[in-house]
Structure formats: C-alpha cells, structure tokens
Trainee: 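Sharing a structure with you now.
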Amino acid sequence: MLYDSHEAIRDAITSLRNLNALIRERHQAGYVRKERLQEWVVLGRFYFDSCGNCWKYTGGSIPAEVFPDLPKVMRQTEFSAFIKRSSLPSKTSSFTCSIGDDIPPADLFCPECGTHWTVQNCHDTVIEHETRTVDLNKKAGQRLVDVVGRWKMNGYAVWRLQPGKSIRNDIYIDSSNKLGWIEPEGEYFINPGDEALANIWTYRHHKCHRQNQLKREQEYFQKIFTEAGFQEIWLSPIENKYCPCNSCAPWFEVVVNSIHFTIGWRKRVISIQSTDPRIIFDKMFPNEETTKSTHEIHAWGREKCIEYLSAIRKIVK
Ligand SMILES: [Zn+2]
Ligand SMILES: [Zn+2]
C-alpha cells in the first residue's frame with residue numbers, strides 16, 4: 001500500500017511535503033475507511049499507530065537521540081526487538097510519546113530565525129495557538145474563500161477561519177443577535193466593515209520559542225513596572241519558581257527604586273514577592289481578597305499587579 005509499506009514511508013521522508021501527505025493519507029485510511037494499519041517508528045521521532053494517528057516521542061529520552069544510528073523507518077516490532085537487544089540502563093529504554101505530531105506543513109518557516117521546516121527539523125517545534133479578529137474592510141467586495149485562501153500563503157503560521165460563526169459586522173446586529181456574529185453561508189462576499197475570526201498556529205523551534213517568550217515576558221513586566229510609575233527598572237530572567245519545566249515562561253528578579261522583587265506567572269495569577277523589610281504584603285493590603293503573606297501577594301491579572309506595585313511605590317521611600 002502507498003502509505004503502509006517500508007518503501008512508501010522511505011519515500012515519504014525524502015521531503016516534508018511527502019511526509020505531510022503520508023500522514024494525511026494514513027489518517028484518511030484509518031479514520032474514514034477504518035483500515036487497520038501497520039505500526040511504524042519513523043525517524044526515531046514519530047510513531048505511526050494502527051488507527052491512522054501519528055504520535056511524537058517526548059520527554060527526556062527520544063529514540064533518535066539515544067540511538068543516533070537508528071534506522072529511519074522501522075516496524076514497531078523491529079523497534080521493540082532492537083530496544084530489547086540494546087543493553088540500555090532501564091531508565092532510557094522506556095520511551096513516551098504523545099498523540100499529535102506537531103509537524104508543520106511544508107513551505108512554512110520559523111518566524112524567529114527564518115529557517116524553513118524540513119524533515120530534519122520538523123520534530124523541533126513549539127506551536128503557539130491564538131484566535132484573532134481580522135479586519136476585512138479593505139477586502140470588501142471580494143469572495144471570502146479567496147481572501148481566506150490567501151491567508152495560507154502567510155509564511156510562518158497556519159491560518160484558518162473559525163468554524164461556525166466567524167464573521168462579525170454591525171449590520172448583522174438585531175434583537176436576536178446582539179454582537180453581530182454570523183456564519184457565512186454559500187458564496188459569501190465580504191461587506192464593508194466585516195471582521196473575521198481566525199485561528200492561527202505559529203511554529204517555532206524550541207530554542208527560538210524560548211527566545212521569543214523571554215523577549216515578550218521581559219517587555220510585559222517592564223511595561224507593568226513602568227505603568228506602576230517606576231523609572232530605571234532592572235530586570236533579569238530567572239527560572240520559573242512555580243513550574244521549572246522547559247515550556248513555562250521565565251520569572252524575573254527586578255530592582256526598582258532600590259526595592260528588590262521576584263515576579264512571575266503562577267497559573268492565572270502573577271506572584272509578586274519581596275523580602276524587603278519595608279514591605280509586608282498582608283499588612284499593606286489588608287482588604288485584598290487574594291493569597292498573601294509577609295513576603296508574597298498574588299495579583300489577579302495585569303491591572304491588579306500594577307495597582308499593588310504602584311501602592312508599594314508610594315509607601316516605600
Ligand atoms: Zn527558529
Ligand atoms: Zn511548566
């Protein structure tokens with residue numbers, strides 16, 4: 001079969017476009033035609049299961065990294081036998097994968113470093129998803145499908161129109177539709193003032209993602225301290241004190257007006273910490289209904305964070 005033999009998979013890994021197509025075909029075969037497929041370990045990075053899914057090896061030990069000479073295409077049974085034969089310490093011989101391959105479509109590039117995605121680097125991805133409202137005013141008169149079709153040419157991210165109610169315009173507001181969202185039907189032509197809801201998936205290398213994240217977080221907290229009225233803000237990234245994994249954003253040590261803070265996200269709150277003897281959080285904010293102690297307070301979002309910091313600035317001289 002064209003998607004379930006050694007040869008087919010060897011052919012597929014000659015280009016990212018072919019690999020994308022193979023994964024799509026296996027998914028069709030498994031999910032639409034309910035075929036039972038062979039299981040494969042591909043590039044030492046991905047696992048193709050019998051129902052048409054592609055999984056990605058994750059965590060500390062990845063077959064391709066533990067065994068640099070691993071064949072690029074192996075049946076699952078061959079792979080298992082190979083692992084058994086290798087006299088690895090038990091901790092590295094168990095591999096974990098998670099469903100979903102995170103493989104970017106061919107032709108996209110990483111927005112940080114500009115490198116195109118290939119079969120060689122397609123495992124090294126961090127995907128960021130956002131939903132954005134896009135102004136379509138300048139496209140008035142054009143067919144929606146054509147405009148959305150051109151979104152796909154955008155080089156570093158996958159853009160798709162939100163399914164269902166994806167178009168908004170004041171002209172659609174009435175007593176039963178207070179916000180003016182509609183589901184475009186048939187051959188929809190864009191009206192002046194239309195907005196569209198787009199889902200955007202951006203692919204970055206791990207390293208590039210971390211750099212981008214650091215830059216954004218640093219700007220974010222810099223701005224918070226600025227808006228709280230501080231000048232001469234010194235920020236330095238440190239490990240995330242809540243979750244030191246390799247995807248959560250860093251925390252920061254901050255020095256402003258000779259006050260030393262530690263600050264960072266903790267799930268949905270911003271933890272503000274200081275051991276400065278002039279700052280006793282629970283005494284300073286007795287009426288705030290949030291987690292607080294001598295050296296820490298949790299701010300429920302950006303505005304609260306600015307409010308607390310600005311209060312501290314006025315009290316601590
Ligand atoms: Zn990159
Ligand atoms: Zn984490």
Side-chain angles (χ1 to χ4, degrees), residues 16-17 19-21 23-24 27 46 53-56 58 98-119 121-170 172 179-185 188-221 223 245-250 265 267-268 301-302:
L16 187 53
R17 188 174 300 283
L19 182 58
N20 291 155
I23 292 170
R24 254 195 325 270
H27 193 269
F46 303 102
N53 301 299
C54 177
W55 302 59
K56 178 175 174 173
T58 53
S98 55
I99 197 157
D101 54 56
D102 294 350
I103 295 177
D107 291 342
L108 288 194
F109 58 85
C110 166
E112 304 304 311
C113 68
T115 310
H116 272 90
W117 296 106
T118 62
V119 168
N121 67 13
C122 68
H123 59 274
D124 181 21
T125 51
V126 177
I127 304 176
E128 181 193 18
H129 172 249
E130 65 170 309
T131 306
R132 202 188 292 172
T133 309
V134 183
D135 182 1
L136 294 182
N137 198 37
K138 288 199 179 120
K139 318 278 181 201
Q142 299 184 39
R143 287 198 317 164
L144 180 63
V145 283
D146 296 336
V147 172
V148 169
R150 285 198 295 275
W151 283 354
K152 297 199 171 77
M153 320 268 245
N154 170 319
Y156 59 86
V158 173
W159 288 56
R160 286 207 193 103
L161 195 64
Q162 170 87 3
K165 293 188 177 176
S166 58
I167 297 291
R168 202 208 73 82
N169 196 319
D170 286 346
Y172 299 126
L179 298 172
W181 285 101
I182 58 143
E183 179 169 356
E185 279 165 2
Y188 184 88
F189 285 87
I190 295 168
N191 289 300
D194 272 2
E195 296 176 318
L197 202 55
N199 282 297
I200 304 165
W201 291 268
T202 304
Y203 292 76
R204 294 185 178 87
H205 299 99
H206 269 101
K207 215 173 111 226
C208 296
H209 162 72
R210 292 298 263 176
Q211 282 169 4
N212 173 267
Q213 183 185 46
L214 172 64
K215 196 173 72 198
R216 285 198 289 194
E217 289 295 301
Q218 187 140 357
E219 283 167 8
Y220 181 85
F221 284 111
K223 206 148 174 266
C245 73
N246 65 3
S247 68
C248 287
W265 283 98
K267 283 197 212 159
R268 289 163 57 212
R302 189 173 184 279

Trainee: Could you grab the distance from atom CD1 of Ile200 to atom CD of Glu130, nearest 0.5 Å is fine?
Mentor: 4.5 Å
Trainee: Keeping the roles fixed (side chain from Asp107, backbone from Arg17), state whether a donor-acceptor pair exists under 3.5 Å.
Mentor: no
Trainee: Applying the side-chain contact (heavy atoms from CB on, under 4.5 Å) test to Tyr203, which of Val158, Val126, Asp124, Ile103 qualifies?
Mentor: Val158
Trainee: Taking all non-hydrogen atoms of both residues, which atom of Leu136 and which atom of Ile190 are closest, and how far apart?
Mentor: O-CG2, 3.6 Å
Trainee: Is it the case that more than 12 heavy atoms not belonging to Lys165 sit under 6.0 Å from its NZ atom?
Mentor: no
Trainee: Could you walk me through whether Asn212 and Arg216 satisfy the side-chain hydrogen bond (donor to acceptor under 3.5 Å, both in side chains) test, starting with their C-alpha distance in whole Å, then the side-chain angles of each, then the deciding distance to 0.1 Å, before giving a yes or no?
Mentor: CA-CA 6 Å; Asn212 173 267; Arg216 285 198 289 194; 3.0 Å; yes
Trainee: Determine yes or no for a side-chain-to-main-chain donor-acceptor pair under 3.5 angstrom, with Asp135 supplying the side chain and Glu195 the backbone.
Mentor: no
Trainee: With no hydrogens and no angle check, is any side-chain donor or acceptor of Asn169 less than 3.5 Å from a backbone partner on Pro192?
Mentor: yes
Trainee: Does Leu179 offer a backbone N or O that forms a donor-acceptor pair with the side chain of Arg168 under 3.5 Å?
Mentor: yes
Trainee: Within the distance-only criterion (no hydrogens, no angle test), does the side chain of Asn20 pair as donor or acceptor with the backbone N or O of Ala106 below 3.5 angstrom?
Mentor: yes
Trainee: Let me know which of Gln218, Gln211, Glu219 forms a side-chain contact (heavy atoms from CB on, under 4.5 Å) with Lys215.
Mentor: Glu219
Trainee: Is a donor from one side chain sitting under 3.5 angstrom from an acceptor on the other, for Gln213 and Arg210?
Mentor: yes
Trainee: Less than 4.5 Å apart, side chain to side chain, heavy atoms only: is that true for His205 and Trp117?
Mentor: yes
Trainee: Determine, for Trp159 and Arg150, whether the Lys NZ or Arg CZ falls below 6.0 Å from the six-membered ring centre while staying within 45 degrees of the axis.
Mentor: no
Trainee: Do the side chains of Tyr172 and Asn191 get nearer than 4.5 Å, heavy atoms only?
Mentor: yes
